[in-house]
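Source: prediction; values computed, not measured. Residues: numbered from 1 along the sequence shown. Counting starts at 1 for both ligands and their atoms, following the listed order.
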Amino acid sequence: MSDTLNRTALVYAECADGKLRRVALEALGAARRLAGDGAVHAVLAGSGPAAALAEAAAELAARGAGVVHVIDDPALARFAPEAFAAAIGAAAAAVQPSIIVLGHTAAGRELAPRVAAALHGGHVADVTAIEITDGGGDAIFTRPLYAGKAFERLRFLPGAPWIVTVRPNNLPVAEPVPSGSEGTISALPYTAPALWTTVRSIVGKASGRADLAEADIIVAGGRGVRSAEGFAPLEALAQVLGGAVGASRGACDAGYCDYALQIGQTGKTVTPKLYIACGISGAIQHLAGMSQSRVIVAINKDPDAPIFGVADYGIVGDLFEVVPRLTEQFQRI
Ligand code: FAD
């Protein structure tokens, strides 16, 4: 094994609504560490306003992607796994990477195993930490298991390409490179494969809220909020803090909010800097999705609620009294 990592890395630069997702820059940061002195490439796939792709490509080039391969094709206008996996495949054929890094998002989770199978590579999903070892010659990937109760540390055997997905909000974003050393941007030829599925239309909810998976601050409500209207104080607190609103499955099942807000084993996995759990008991399935948050504040009127077991700060009290008071205090800052 070589003394330093000297590998070619490829990043799948995922976009949402024409903009780079933050996890794409976290993946780029990981790829730069993993490549060591090797080359770092990024693939940007989409179709739409050329200006949006150009802006995203420029940001990647300014943050250390040596070459940004842009694939602009009508087949990539909407997410279709076969089309996007083929786009990554086209970039992989051009670059011959030994490492491919994607965000552990809904799209990344769909694409990474397809790419790994196509390239006969190994796959490590949901990585939360990367340790460069062996004097820079190897890397160990950490991923949570059993709803965050255990951690698995894995390394790849030499040979096959490494396909890695990184959990949003866990790894630092790639820092900008000095002016003058930005990467280049080039168009990559691409032939869309036959698609097994067609997206006819997307019915989205215009929530205007921050994306839960990438939010730095989350105010989450459980069955303790008692109604859809009960979420109003949580919304107000989230707004003052510039955060997003999430929920337990208990709150979703009760019809207080949309399932898109559900956090936990069968919902979203989040790792914000601050997680404020309001009226959430702390069932193991909920903890699975939020226990890795950096600071957890729990507000619950039951002092024995299990959520206090993972909380850094606990407030025993009625959320309808505590949350508005917190909002009031934060408004003054
Ligand atoms: P409860 O357990 O009913 O807790 C409500 C809490 O609110 C209580 O602790 C109570 O003391 C407190 N409270 C009430 N009123 C107030 C007040 N005024 N002020 C302050 N506190 C108050 N759950 C998830 O969250 N996410 C998942 O992804 C998920 N996946 C699951 C998958 C499976 C296979 C199964 C079996 C379950 C799953 N669940 C999941 C459900 C989970 O087991 C719990 O039922 C659920 O998390 C409970 O939600 P809750 O904490 O909001 O409700």
Practice task
Using a cut-off of 6.0 Å, state whether more than 12 heavy atoms not belonging to Glu55 lie near its atom CD.
Solution key: no
Practice task
Note the single closest protein heavy atom to atom 45 (O) of ligand 1, along with its residue, its atom name and the distance in Å.
Solution key: Arg223 NH2, 4.1 Å
Practice task
Distance to 0.1 Å, residue and atom name: give those for the protein heavy atom nearest to atom 18 (N) of ligand 1.
Solution key: Asp318 OD1, 3.0 Å
Problem - Those atoms of ligand 1 less than 4.0 Å from some heavy atom in Gln262 - result: 26 (N), 27 (C), 28 (O), 29 (C)
Exercise for the section: Give a yes or no on whether a salt bridge exists between Arg325 and Glu321, defined as a side-chain N under 4.0 angstrom from a carboxylate O. Expected result: no
Handout entry: Plane angle bin for Phe141 and Trp162 - parallel if under 30°, tilted between 30 and 60°, otherwise perpendicular
Key = perpendicular
Handout entry: Region of Ala283 that comes within reach of ligand 1 [heavy atoms, distance under 4.0 Å]
Key = side chain
Problem - ligand 1 atoms in contact with Gly317 (distance to a heavy atom under 4.0 Å) - result: 19 (N), 20 (C)
Practice task
List the closest protein heavy-atom neighbour of atom 6 (C) of ligand 1: residue, atom name, distance to the nearest 0.1 Å.
Solution key: Gly279 O, 3.3 Å
Exercise for the section: Flag atom 42 (C) of ligand 1 as yes if some protein heavy-atom distance to it falls below 4.0 Å, otherwise no. Expected result: yes
Handout entry: Any side-chain heavy-atom pair of Leu76 and Tyr190 under 4.5 Å
Key = yes
Exercise for the section: For Thr165 and Thr105, indicate whether the former's side chain and the latter's backbone hold a donor-acceptor pair under 3.5 Å. Expected result: no
Handout entry: Residues, nucleotides or ligands: over 12 heavy atoms within 6.0 Å of Glu82 CD
Key = yes
Exercise for the section: Have a look at Ile307, Leu319, Asn300 and point out the one with the heavy atom closest to atom 10 (C) of ligand 1. Expected result: Asn300
Handout entry: Closest to atom 2 (O) of ligand 1 (judged by heavy-atom distance), picking from Ser248, Ser281, Gly250
Key = Ser281
Completion exercise
In terms of its nearest heavy atom to atom 33 (C) of ligand 1, the top option of Gln265, Arg249, Lys301 is Arg249
